Amino acid sequence: MTNTNDMLERRRKLLGSAYRLFYEDPVHLVRGEGVWLYDADGRKYLDMYNNVPHVGHCHPQVVEAICKQAATLNTHTRYLHDNVLDYAERLTGKFPDELDTAMFCCTGSEANELALRIARVATGGTGVIVTDFAYHGNTKATFEISTSDMPEDEIPDHVVTVPFPDTYRGPYLGDDAAGKYAAHVHEAIDLLQSRGIKPAAFVVDTIISSSGVASPPPAYLSTVADIVRDAGVLFVADEVQPGFGRTGTHFWGFESDGFVPDIVTLGKPMGNGHPIAGVVTRRSLIEDFSDRGRYFNTFGGNPVSCAAALAVLDVIENDGLQQNALDVGSHIIDGLGQLADSHECIGNIRGSGLFLALELVSDKANRTPARELTHRVVNDLRQRGVLTGSIGPDANILKLRPPLVLSRDDADYLLTKLDESLSSCVGGSLFS
Ligand SMILES: Cc1ncc(COP(=O)(O)O)c(C=O)c1O
């Protein structure tokens with residue numbers, strides 16, 4: 001049996017207080033397989049939270065690729081090696097022709113940091129426009145544009161926010177919401193210029209996940225792309241969350257709007273848990289960047305990471321996981337729609353493929369966020385063997401973002417547990 005209190009005490013002593021754990025009753029996981037996680041007491045949990053183990057926890061093909069390469073050679077990108085070339089070729093093959101060059105690093109933060117550096121060289125500007133309540137990383141430059149975590153009064157002058165395109169609760173709800181939200185980018189450009197700052201980049205997570213999987217309305221991203229391009233600003237599509245087929249309809253989030261960004265950043269699911277991330281962009285932008293100096297990343301793009309990433313692409317393609325995301329995601333959306341008939345607290349269901357959000361409200365007509373209820377449901381689901389989490393400015397949105405190998409049976413398990421949980425958590429004083 002796990003002694004949770006002992007572990008908590010050791011953690012506090014050894015790691016300090018900046019690390020946060022999930023759940024009032026933290027989970028001590030020891031093993032994972034597919035969409036299932038197992039704790040130290042042998043209890044199993046359906047993993048509806050983790051998008052990093054994209055093709056399933058401990059996928060044998062990825063594990064084998066890592067082990068085989070680790071047992072042969074691991075160095076870095078200053079020697080010739082086929083893996084980094086094979087992977088760059090396979091990866092860029094997944095993009096429109098213009099996006100033909102890849103650079104590798106270890107985390108999504110590093111990928112966004114590199115994108116900002118490339119954009120600054122290309123435009124000669126330093127200004128960055130982001131959606132409010134965004135998250136783009138933990139380095140200094142990327143934390144400054146992570147408006148979900150950065151205290152508002154500490155956001156530097158070179159960072160300007162625009163409202164995220166919330167079509168459930170935001171100021172613009174009708175057919176022309178995309179254009180109205182996009183128009184804020186004009187104001188952001190003007191504001192930067194009025195501060196004497198030349199804008200360099202518009203950075204956006206193309207499913208707008210940290211704001212609550214806002215799922216931009218059709219034509220929002222492409223309208224913004226037109227606006228920023230006219231102003232000489234680069235469009236950076238942060239695909240760290242939606243990329244690699246998760247949204248089901250497309251391989252990349254930006255493709256849903258039929259335009260080509262200037263720079264795309266990648267991370268989380270790329271190596272199924274092995275740390276690999278990257279930037280894909282046009283060769284000319286990399287050449288300008290390269291004129292200013294070299295790029296080296298000790299671990300980024302090493303042969304073992306690339307072996308893992310190649311295996312991930314193989315599994316996505318061979319096992320039809322993008323299609324599975326679409327099929328099982330639609331099945332969950334249907335099931336959630338049925339639950340909404342009997343659970344008044346379900347205010348909105350949105351998302352695409354296996355990146356879904358369930359917005360809980362205490363008053364459907366006024367769409368009042370049910371923060372406390374959501375907290376209870378997340379913790380209650382954990383006790384019922386389903387791991388999920390909450391997101392959004394009011395922390396009232398259940399985030400459903402499992403490995404792409406989730407089956408319809410697994411989805412039915414989720415729906416049954418969610419039904420039980422909502423029934424048990426809603427009622428009397430709990431419903432707030
Ligand atoms: C949209 C987005 N971009 C970038 C990052 C940063 O990635 P990492 O934690 O790998 O540095 C995250 C992490 O959650 C993210 O959600």
Side-chain angles (χ1 to χ4, degrees), residues 18-20 22 49-54 103-119 128-150 159 161-162 164-165 201-216 221 224 235-247 252-254 256 261 263-281 297-302 305 308-309 312 351-357 388-393 395 397 399-403:
Y19 286 96
R20 306 285 199 273
F22 285 151
Y49 182 85
N50 288 294
N51 57 345
V52 171
H54 197 59
M103 290 175 74
F104 297 108
C105 41
C106 306
T107 65
S109 303
E110 281 185 317
N112 282 325
E113 178 93 24
L114 178 57
L116 291 177
R117 288 177 60 197
I118 293 170
V128 186
I129 302 163
V130 285
T131 51
D132 48 11
F133 220 76
Y135 184 79
H136 295 292
N138 60 24
T139 63
K140 183 172 182 297
T142 58
F143 193 67
E144 283 173 350
I145 62 167
S146 292
T147 45
S148 62
D149 287 34
M150 187 83 185
V159 178
T161 61
V162 290
F164 69 87
F202 172 78
V203 184
V204 68
D205 162 357
T206 58
I207 197 157
I208 320 217
S209 45
S210 55
S211 315
V213 193
S215 304
L221 296 173
V224 173
F235 191 113
V236 179
D238 180 337
E239 293 283 343
V240 166
Q241 295 254 17
F244 292 92
R246 173 158 295 278
T247 62
W252 308 114
F254 70 81
S256 63
I263 304 177
V264 180
T265 59
L266 311 167
K268 288 186 189 283
M270 209 166 164
N272 213 46
H274 191 88
I276 174 163
V279 162
V280 174
T281 184
N297 187 314
T298 300
F299 301 116
N302 72 66
S305 302
V312 169
S352 179
L354 285 174
F355 207 148
L356 303 174
T388 179
S390 66
I391 38 166
I397 300 162
K399 176 165 64 173
L400 304 172
R401 196 190 51 175

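Every number for a ligand or one of its atoms is a count from 1 in the order of the listing. Keep in mind the model is a prediction, meaning the values are calculated, not measured.
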Identify the protein heavy atom lying closest to atom 14 (O) of ligand 1, giving its residue, its atom name and the separation to 0.1 Å.
K268 NZ, 3.0 Å
Q241, any N or O under 3.5 Å of ligand 1 N or O
yes
Ring-ring centroid check F235 F254, cutoff 6.0 Å
no
Do the charged groups of K140 and E144 touch, with an N to O distance under 4.0 Å?
yes
From the options D205, D238, T107, select the one residue that forms a side-chain hydrogen bond (donor to acceptor under 3.5 Å, both in side chains) with N112.
D238
Stepwise side-chain hydrogen bond (donor to acceptor under 3.5 Å, both in side chains) check, E110 with T139:
CA-CA 7 Å; E110 281 185 317; T139 63; over 6 Å; no
Name the closest protein heavy atom to atom 3 (N) of ligand 1, giving the residue it belongs to and the distance to 0.1 Å.
D238 OD2, 2.7 Å
With heavy atoms under 4.0 Å as the rule, classify the contact between T142 and ligand 1 as side chain, backbone, both or neither.
neither
Against heavy atoms of N112, which atoms of ligand 1 measure under 4.0 Å?
3 (N), 4 (C)
Location of contacts on E110 toward ligand 1, heavy atoms closer than 4.0 Å
neither
Does only the side chain of T107 get under 4.0 Å from ligand 1, or the backbone, or both, or neither? Count heavy atoms.
both
Can you see whether S305 engages H274 through a side-chain donor-acceptor pair at a distance of less than 3.5 angstrom?
yes
Ignoring hydrogens and geometry, is there a side-chain-to-backbone donor-acceptor pair from S109 to N138 under 3.5 Å?
yes
Quick one: does G108 get an N or O within less than 3.5 Å of an N or O on ligand 1?
yes
Return a yes/no value for S209: is any of its N or O atoms, backbone included, closer than 3.5 angstrom to an N or O of ligand 1?
no
Looking only at heavy atoms, the pair that brings F22 and Y49 closest together is CZ-OH, 3.3 Å
Closer than 4.0 Å to some heavy atom of S109 - which atoms of ligand 1 meet that?
6 (C), 7 (O), 8 (P), 11 (O)
